[in-house]
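Data block below; observations after.
Being a predicted model, the structure only gives us computed values, none of them experimental. Values below: every heavy atom of this structure, side chains too, minus hydrogens, waters and symmetry copies.
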Amino acid sequence: GRIISFEPQAAAFTRLQLACNADSCWTCLKLALGERNAAVEIHVAANSVSSSLLEMACRHVEAAPQSRYIGTEEARLARLDSIAGDLELTAPLYLKLDVQGLEMAVLRGVGDLVDKVAIVECELSTKVLYEGQPLYREVIDTLGGLGFDLATIEEGLLDQRLGQVLQMDAIFVRRSPSDGGGEVDHNSRVRG
């Protein structure tokens with residue numbers, strides 16, 4: 001199926017672009033998704049995967065020292081609904097959010113495009129890992145209000161020192177497809 005990936009960080013984007021070049025159905029764009037269109041600064045983490053537009057909380061660094069920030073770089077931020085026309089997105093969509101604390105901002109930037117989304121995959125934090133991020137209950141409630149139910153959940157980041165789950169990976173499915181029925185096509189994906 002068709003995949004569209006978004007990556008704002010330069011080094012990670014270079015690696016992503018190499019993978020995309022090997023698959024004609026995979027497109028990648030060098031930008032972050034959010035609730036506005038703007039130039040922003042991203043904090044680059046030593047492990048790359050913990051890079052975020054938000055400041056990292058002390059709890060995160062204590063639990064995963066390899067995640068500490070080592071620099072910053074400029075990036076472009078865009079609302080998904082503002083670029084959707086150029087991407088020719090068709091329903092049903094699978095929206096995967098791996099956005100390090102910006103789940104609510106990205107969901108606000110999806111706008112009316114949310115009606116085309118059948119499945120949302122995202123991280124849910126039980127503790128503040130990034131300053132200003134939403135915790136799991138807010139994300140679950142917001143997605144519930146948008147018509148999605150929690151379908152599966154898996155352990156993500158674990159604080160080994162305390163034996164506490166700090167972050168979980170979750171999948172939400174639409175209660176009923178927006179087109180009035182039919183099967184969900186899991187091959188149409190939008191990744192952020």
Verdict with reasoning, Leu143 to Cys122, per side-chain contact (heavy atoms from CB on, under 4.5 Å): CA-CA 11 Å; Leu143 285 167; Cys122 67; 4.3 Å; yes

Can you list the residues that meet the ring-ring contact (aromatic ring centres under 6.0 Å, His included) rule with Phe13, with sequence neighbours excluded?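 Phe13 satisfies ring-ring contact (aromatic ring centres under 6.0 Å, His included) with no residue once adjacent residues are dropped.
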
Give me the atom names and distance for the closest heavy-atom approach of [X] to [Y].
X: Ser48; Y: Arg15; result: OG-NH2, 3.4 Å
X: Leu89; Y: Lys116; result: O-NZ, 3.1 Å
X: Gln17; Y: Cys28; result: CA-SG, 3.7 Å
X: Arg36; Y: Ala38; result: NH1-CB, 3.1 Å
X: Arg161; Y: Glu62; result: NE-O, 3.6 Å
X: Ser67; Y: Ala45; result: O-CB, 3.2 Å

Between the side chain of [X] and the main-chain N/O of [Y], is any donor-acceptor distance below 3.5 Å?
X: Glu73; Y: Ala10; value: yes
X: Gln9; Y: Ala11; value: no
X: Lys30; Y: Pro8; value: yes

Can you spot which of Val106, Leu33, Leu16, Thr27 makes a side-chain contact (heavy atoms from CB on, under 4.5 Å) with Phe6?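 Among Val106, Leu33, Leu16, Thr27, the one that satisfies the side-chain contact (heavy atoms from CB on, under 4.5 Å) with Phe6 is Leu33.
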
Among Leu124, Ile140, Val128, which residue meets the side-chain contact (heavy atoms from CB on, under 4.5 Å) test with Leu135?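 By the side-chain contact (heavy atoms from CB on, under 4.5 Å) criterion, Leu135 pairs with just one of Leu124, Ile140, Val128: Val128.
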
Check the surroundings of atom [atom1] in [X]: do more than 12 heavy atoms from other residues, nucleotides or ligands lie under 6.0 Å from it?
X: Arg59; atom1: CZ; result: yes
X: Glu88; atom1: CD; result: no
X: Asp112; atom1: CG; result: no
X: Glu154; atom1: CD; result: no

Drop me the distance from [X]'s [atom1] to [Y]'s [atom2], to the nearest 0.5 angstrom.
X: Asp169; Y: Lys96; atom1: CG; atom2: NZ; value: 7.5 Å
X: Arg76; Y: Leu29; atom1: CZ; atom2: CG; value: 7.5 Å
X: Glu35; Y: Leu77; atom1: CD; atom2: CG; value: 8.5 Å
X: Trp26; Y: Arg2; atom1: CH2; atom2: CZ; value: 14.0 Å
X: Ile171; Y: Thr152; atom1: CD1; atom2: OG1; value: 3.5 Å
X: Phe148; Y: Leu95; atom1: CZ; atom2: CG; value: 8.0 Å

Parallel, tilted or perpendicular: which one describes the rings of Tyr130 and His60, with boundaries at 30° and 60°?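 Aromatic pair Tyr130/His60 classed perpendicular.
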
Before giving the answer on side-chain contact (heavy atoms from CB on, under 4.5 Å), spell out for Asn37 and Ile83 the whole-Å C-alpha distance, their side-chain angles and the decisive distance to 0.1 Å. CA-CA 10 Å; Asn37 297 328; Ile83 58 172; 5.7 Å; no

How about Gln164 and Thr126: does a side-chain donor come under 3.5 Å of a side-chain acceptor?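 No.
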
Is there a side-chain contact (heavy atoms from CB on, under 4.5 Å) between Asp98 and Glu123 once you walk through the steps? CA-CA 7 Å; Asp98 189 356; Glu123 295 171 329; 3.2 Å; yes

Do Leu157 and Val49 land in one hydrophobic cluster if side-chain heavy atoms of ILVMFWY residues count as linked below 4.5 Å?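 Result: no, two separate clusters.
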
